[in-house]
Amino acid sequence: MVAATGNADTTVGHGELIKAVERALTTHGRALLTGPAGAGKTEAVGAVAAAAATRHETVLRLAPEAADQWIPEASAAALLASVPCAALERLSGPQRTAIALLRREADAPRAGRDHVALRLALVEVLRTLAARTPVLLVLDNAQWLDAESTDLLRFALRLTPPRVRVLVAECVQGGAPVGGPLCGPGTPGIRVPPLGADEVAELLARHGLPARLAGRIHQASGGNPRLALALGHSLAEAAEARDASAHHADPLPLSGQAREVARRLLAEAPARARRTLLLAALAARPTTALLRRAGRPDAEAELAEAERAALVTVGEDGAVAFTAGALPMALAADAGWPERAAGHAALAAAVDDPVQAVRHRALAVDTPDEWLAAEITEAAAACRRRGKRALAAELGLLAAERTPSNRPGDELARLVAAAEDAGWAGRADLARRATRAVLARDASPADRVRARLAVIDAAGQALAALDETFAHAMDDAAGDPALQAAVQLRIATKYNLSDGDPVRSRDAAAEAGRLAARGGDQVAEAMALTVRARMGRILGDPDAEDILAEALALPAPEVPLGMRNAPQYLAVRHALFDDRIADARRQLLVLLPAVRRTGSAEDVFEVLRSLTEVELRRGRCAVASAHARRALELTIEAGLSPGPAWYAAAMAEAMGGSFARAAGYARRGIQASEEEHDQVFLSRSLYALGLTELATGEAAKAVATLRRVAELEAAQQVVDPSILRWHGELAEALVAADAPDEAAELLGAVRTVALGLGRTAVVAALDRARGLCLSAHGDAEAAVHLLQATADRFGALQLPVERGRTLLALARVERRRRRRAPARAALSAAAEVFTAAGAKPWAELASEQREPAPSEGGPAVALAALTEAETRLALLVAEGASNQEAAAKLFVSVKTVEARLTRIYQKLDVRSRAQLATTLRTR
């Protein structure tokens with residue numbers, strides 16, 4: 001008898017699965033859990049077994065290993081060996097003898113054993129155990145049961161009483177399933193689902209692995225927990241070996257444990273299917289038709305076997321997709337060069353895309369060939385024109401490798417072009433590889449600068465570790481104003497993003513502008529002016545708009561390198577900050593197809609992020625959520641820094657999805673931004689978390705979170721309150737946490753700045769918080785008038801979610817002054833606004849706060865007089881919390897709890913904790 005224990009770290013994301021198993025066991029008495037190796041079956045059945053043990057059930061657990069399947073009755077012997085001796089006392093003599101022989105001689109010859117007695121003995125043992133307590137029989141790794149034990153268990157389980165429940169976990173593989181026949185017909189089959197990207201992020205965080213890698217590890221592991229952890233540990237080991245942090249876009253090292261896990265998964269497919277899978281792994285877009293043309297006439301049948309083993313999925317159009325990105329990596333890595341070369345040669349003749357044909361031809365040989373190198377170079381140029389910069393970078397590196405040694409100039413030009421393509425695509429691994437090759441050759445200072453800038457451009461938000469690269473680039477650029485301007489522009493970005501210093505960023509941009517003008521580079525000059533205008537807006541500089549207008553007046557390409565520094569994009573951001581939402585949306589929809597043509601994943605992401613924010617402000621939450629999802633998918637596909645994408649997802653969820661999911665995204669955004677020293681999006685993700693905590697009633701937590709935002713913004717010298725509008729949220733949280741004086745002081749200071757800069761919508765948000773302050777200070781009449789006027793202002797500004805939030809605040813004030821009908825009317829109006837905007841969590845919040853028609857007088861009326869902070873404390877105290885426990889849970893001091901409790905007693909006219917509890921029960 002074994003009482004299993006679940007592993008909290010490895011059951012991440014399996015809460016619903018465990019509930020489904022429990023329901024099946026309760027309803028049917030049997031459950032069959034299936035899934036590939038490493039999917040988490042063992043952890044799930046362990047959690048179910050642990051729960052049964054805590055209910056004082058008898059838990060019998062059997063987990064055979066691969067070698068056991070060849071030993072007759074080995075598993076039956078192991079199971080019976082775990083049965084306590086007391087359960088054997090009622091057996092007849094022949095039954096006890098049969099069990100004793102099996103337990104002592106499991107691997108001895110079976111001749112002479114009484115197999116009928118053994119079967120009956122097992123039935124009797126299970127009945128005896130079930131007569132005392134319910135029994136849970138857990139059979140893990142059922143695929144490794146030997147045939148004789150399977151037969152014995154099948155017989156016994158047909159005759160067991162209902163108090164014996166059976167949970168079988170079986171690995172998906174090519175052979176005949178064991179679990180179904182063992183449990184009998186009608187047994188619910190439950191497949192272990194792969195983890196989602198969010199759950200992989202949580203799994204990595206619990207194991208101390210970088211959150212910024214979660215998207216790519218999810219993609220590479222297919223959501224398989226064991227493979228995800230193995231990949232994460234491989235990355236950590238690789239980073240430690242080279243004494244540097246793993247970059248978010250580095251190739252995942254498939255070595256050690258990760259490679260073994262991938263191999264075990266691939267071993268589930270027959271050898272003939274693995275040969276077809278290798279071809280699919282080498283192809284860029286594998287289909288069954290392509291694989292047939294490449295020499296695998298039975299591709300459909302072989303892929304069907306692989307699909308049954310959960311290695312691939314085959315679409316209706318024949319498209320083949322691996323369930324985990326590590327699988328094709330493992331197939332290619334384990335194949336020898338002759339096998340890979342033959343595969344590429346076959347694919348070169350079978351593909352219908354000329355670019356892919358050239359790529360496969362290049363990969364089928366390893367000798368220099370100038371004609372082939374020239375073909376690859378032309379293919380890279382074609383990819384560049386199509387906006388496929390990552391593929392262009394790969395082809396550029398291939399072209400350089402195939403360039404004969406007697407043409408060093410061609411080789412160098414191809415390497416520099418590959419580096420720049422990689423920088424544009426955000427492929428840090430390819431950019432570093434190309435740059436190392438450039439620096440190892442007799443390259444000119446200009447080529448060295450171009451290559452180093454590619455590494456910087458590919459780094460995304462992770463610029464803090466590139467000081468040495470910046471220094472070398474500046475040294476190489478000496479004497480060339482245009483090159484110096486290009487480096488200074490990147491330095492300006494780094495000062496803002498990593499150092500949180502907009503003043504130094506503005507000054508570096510001004511220097512970049514002067515250098516660009518001297519060098520005759522008007523594109524760089526426009527970008528430098530754009531950075532100056534952005535920093536000016538942050539710093540509250542009234543000349544920021546004039547500087548932006550100067551940048552827009554310069555002749556420039558439709559979309560300069562780096563959307564972040566394009567003047568037309570900053571004009572969109574300013575329109576968003578100024579709540580000119582229609583203008584911002586119109587300009588973004590013009591930019592979106594343009595950036596998609598350039599092939600810069602980071603540029604496309606920037607536009608999608610801004611579209612998310614615009615649609616949220618417009619009250620089109622469903623559309624915003626779609627943009628945020630695409631931005632997150634693009635981040636994972638391209639290997640971009642995930643902090644900004646998680647912030648966008650958090651805001652989309654906070655407005656149109658789920659507060660719980662919003663908090664999860666925000667926490668991951670915080671962790672990723674901290675890992676990459678990204679001060680800008682650290683503030684934003686903290687803001688998203690604080691907003692969610694405020695909405696869900698966790699006022700003390702919201703105060704702590706939003707104070708961190710305030711500290712970061714102060715350190716970054718941010719003056720303009722329209723960029724990140726945390727001030728009103730912090731004030732509301734302070735009021736809810738019973739600190740209205742501090743809230744009023746904050747609002748007064750910020751309101752002066754907002755009025756001076758003409759930030760109308762910011763002033764309205766501050767007035768919403770000011771209305772709550774007035775209510776907390778006892779001036780309910782003024783609070784109601786101000787909130788009603790503020791709701792109307794938000795309506796005129798066409799900001800529906802903000803209007804709904806103001807109506808919620810109005811309802812709270814009306815309820816506090818015991819005007820229940822106006823409170824219900826405000827809540828109904830808020831719910832209507834939120835529903836029309838698709839702001840699902842806010843609509844649910846408004847519905848939850850609605851109250852039925854009030855009865856006359858009574859505790860309900862008295863309770864309405866409590867503030868939110870007082871209500872939370874009253875509930876905790878009524879549940880039995882001491883003052884110290886309540887202080888810890890509310891993040892306040894014991895003295896604050898005592899003072900609040902005194903006010904609660906006075907308002908509710910009670911004199912003790914017992915009376916308070918009675919009053920709340922009556923409510």
Side-chain angles (χ1 to χ4, degrees), residues 32-41 66 69 141-145 168-183 185 187-195 219-224 226-227 254 261-335 339-340 342-344 346-347 349-352 356 360:
L32 174 59
L33 198 59
T34 62
K41 299 181 300 300
Q69 65 180 320
N141 290 331
Q143 72 276 7
W144 302 131
L145 284 171
V168 177
E170 181 176 25
C171 186
V172 174
Q173 59 179 14
V178 174
L182 193 66
C183 292
T187 298
I190 302 168
R191 186 173 179 83
V192 181
L195 298 182
Q219 193 176 48
S221 66
N224 183 295
R226 186 183 300 167
L227 183 53
L254 195 67
V261 173
R263 282 172 173 164
R264 283 199 295 274
L265 290 169
L266 289 166
E268 305 298 342
R272 63 182 180 278
R274 286 201 295 276
R275 286 192 289 272
T276 298
L277 288 175
L278 173 61
L279 270 186
L282 298 177
R285 294 182 298 277
T287 64
T288 52
L290 173 62
L291 297 174
R292 281 198 309 271
R293 293 197 302 270
R296 304 302 299 174
D298 297 324
E300 280 92 345
E302 290 161 354
L303 288 170
E305 292 177 313
E307 197 166 18
R308 283 193 293 274
L311 300 175
V312 297
T313 58
V314 182
E316 292 183 5
D317 59 353
V320 180
F322 285 89
T323 54
L327 298 179
M329 294 164 57
L331 284 161
D334 286 345
E339 194 175 1
R340 288 199 305 274
H344 282 300
L347 288 166
V351 294
D352 52 14
Q356 287 299 325
H360 286 300

Q: Would you check if L291 and L303 make a side-chain contact, meaning some heavy-atom pair closer than 4.5 Å?
A: yes
Q) Which atom pair, heavy atoms only, marks the closest approach of A280 to V320? A) CB-CG1, 4.5 Å
**Q.** Donor-acceptor under 3.5 Å (T323 side chain, L311 main chain)
**A.** yes
Q: Let me see the working for T276 and R272 under side-chain contact (heavy atoms from CB on, under 4.5 Å), right down to the final yes or no.
A: CA-CA 7 Å; T276 298; R272 63 182 180 278; over 6 Å; no
**Q.** Contact summary for E302 and A273, nearest pair of heavy atoms
**A.** O-CB, 3.5 Å
Q.
Main chain of A350, side chain of R293: is a donor-acceptor contact present, judged purely on distance under 3.5 Å?
A. yes
Q: Using the side-chain contact (heavy atoms from CB on, under 4.5 Å) rule, take L277 and F322 through it: C-alpha gap first, then chi angles, then the decisive distance, then the call.
A: CA-CA 9 Å; L277 288 175; F322 285 89; 4.0 Å; yes
Q. Which heavy atom in A220 sits nearest to a heavy atom in L227, and how many Å separate them?
A. O-CD2, 4.0 Å
Q) Does G40 offer a backbone N or O that forms a donor-acceptor pair with the side chain of R226 under 3.5 Å? A) no
Q. Checking side-chain contact (heavy atoms from CB on, under 4.5 Å) for the pair L331/L282: CA distance, chi angles, key distance, verdict?
A. CA-CA 9 Å; L331 284 161; L282 298 177; over 6 Å; no
(Q) Checking the side chain of N224 only, and the main-chain atoms of A37 only, is there a donor and an acceptor separated by less than 3.5 Å? (A) yes
Q: Identify the heavy atoms of A326 and A262 that sit nearest to each other, and give their distance.
A: O-CB, 4.4 Å
Q. I190 pairs by side chain to side chain contact (heavy atoms under 4.5 Å, CB included) with which of L32, T34, L33?
A. L33
Q. Can you tell if the side chain of R292 reaches within under 4.5 Å of the side chain of P297, non-hydrogen atoms only?
A. no
**Q.** Test item: N141 side-chain N/O and W144 main-chain N/O as donor-acceptor pair under 3.5 Å
**A.** no
Q.
Quick one, D317 and T287 - any side-chain contact, counting heavy atoms below 4.5 Å?
A. no
(Q) Salt bridge or not between E170 and K41? Use side-chain N to carboxylate O under 4.0 Å. (A) no
Q. How close do C171 and P36 get, heavy atom to heavy atom, and via which atoms?
A. SG-C, 3.9 Å
Q | side-chain contact (heavy atoms from CB on, under 4.5 Å) assessment of E268 paired with R308 | A | CA-CA 9 Å; E268 305 298 342; R308 283 193 293 274; over 6 Å; no
Q | CG-CZ distance between L327 and R263, expressed to the nearest 0.5 angstrom | A | 13.0 Å
(Q) Minimum heavy-atom separation for R285 and L290, please, with both atom names. (A) O-CD2, 4.0 Å
